[in-house]
Amino acid sequence: MKKISVLGLGYIGLPTAILAAQSGYKVLGFDINQDKVEKINSGEPTILEPDVIRRLYQVLDNKNFSASVDLYPAECFLIAVPTPFEQAKTKKEDKKADLTYVFSAAEKVAKVLAHGNLVILESTVPVGTTAKVAKFLEEKSGLKLGLDFFVAHCPERVLPGKIFQELIVNDRVIGGMCQRSAELAREFYSKFVKGHLTLTDDKVAEMVKLVENSSRDVQIAFANQIGAMCQKIGIDPYRVIEFANKHPRVNILNPGCGVGGHCIAVDPWFLIQTFPQDSELLKTTRKINDNKPNQVIEDVLLKIDSLKEKGKSKPNLLVLGLTFKADVDDMRESPALKIALELKKKKSLLDLAICEPNVISDSLKDMGFTNIKGLFEGVAWADLVLILVKHKEFYSIKELDFKNKEIIDSCGLLYESYSSEFSSYLNFDLNKNLNEQAVR
Ligand code: SAJ
């Protein structure tokens, strides 16, 4: 196997294409977006990811990689396109996977598919989709699955922010439509994956991916409920969780401002759509995590009221972080963004500014935000600081910078930053703590 085509040059497709090219394959990256293709060909990565620029330059330079809006014959086609929700069906109990991108990629592959080719589906899909794609390819190409061409599902497992590292070291599950399909896919990945490659069938691999992300969603919902309970009795949930996790068989995740990104908040719905009778826990989980931004907004409005009672007629609110998680530039399904957009509407109650170091100022301005670049200047301006995302830059704020500020910390930055003595979940009373410290 020498010539590879990767369809979809997003967060997974682009790094995978680059790594495959670095390992010696001749890789063509296909994308429908002309602008993206041009940027990538000129060495401008379209994603923010450590090491992406150096690696992209290297494979462009040695001519092992190029991007195109046209698809050409290859020995292996890897499909890594998005699988969002169906647009018309975004009601709470009715979210279904939109497989349009998957099938339009498969249609393009079918046109150039030839004897001996391997097609790998990496996109996250509802159970049974790989088999449907394989059948579709048979119908469109006239070739026979398992004889003329081969199909496997190999879901990605990488964490944004660590994509290259995890693409190399993580174990992978490969689900073949037949034994040969799985073996060919293993041959493809073994050139650049150091982790273990486990072979199984298509349905097991599809289910593994959905179960992994759903399990994380359930765990985060549990953490968010611990957060709500602790808030009611005025204790710090991060401390409770840290101490509980000292038990050898307990490993609880952390409360946050909600669950975002394109994976954890989406994939449980792919199970719910296929198994509506057996997914009560997942439905409840989605409800809890989807409602978390509303709870944060309520907490902010309560604090604004109390600031008003203290004589601040229109308090200054500084929001720290808008992306869906720390140290990425990705705002897809971001609960922090949802919260900030909602609070921005409350113009009569508060003045809002944000500090988001990972997103370029122009796009924040286009969304109507006042972006304060200087973190310390922002904190000095604020009456209330709302911490939504634990970007590494925010750890540089010192306790004293927060003096006389109200703080709502929805992600545990303070607990990690300062001695746990000085943190409390939503009512971080630093001034009281500093006074107590002075007395001691
Ligand atoms: N979050 C919390 N509390 C936590 C951990 C996360 O509130 O303790 C929030 C984050 O802030 C974020 C959301 O959950 O809004 C999701 O972040 P994440 O870091 O849990 O996951 P993703 O979406 O970046 O990546 C996940 C990973 N899946 C698992 O860990 C099981 C990754 O390995 C997958 O490859 C990826 O989904 C994917 O593409 O499916």
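In each ligand, atom 1 is the first atom listed, and ligand 1 is the first ligand listed. Along the sequence shown, residues carry numbers from 1. These numbers come from a predicted model, not from an experiment.
Checked against the 6.0 Å centroid criterion, the rings of Tyr25 and Phe188 qualify as a close aromatic pair.
Ordered by chain and residue number, the residues placing a heavy atom less than 4.0 Å from ligand 1 are Glu156, Arg157, Val158, Leu159, Pro160, Lys209, Glu212, Asn213, Arg216, Ile220, Leu253, Asn254, Gly256, Gly258, Val259, Gly260, Cys263, Ile264, Phe324, Lys325.
Contact check for Ser214 versus Phe270: no side-chain heavy atoms found under the 4.5 Å cut-off.
For the pairing with Glu416, the salt bridge (Lys or Arg N to Asp or Glu O under 4.0 Å) check across Lys390, Lys392, Arg239 returns one residue only, Lys390.
Stacking of Arg172 on the aromatic ring of Tyr189 is recorded, both the 6.0 Å distance cut-off and the 45° axial limit being met.
Heavy atoms from other residues, nucleotides or ligands lying under 6.0 Å from CZ of Phe222 number 12 at most.
When all heavy atoms of Gly161 and Val328 are compared, the pair lying nearest together is N-CG1, 4.3 Å.
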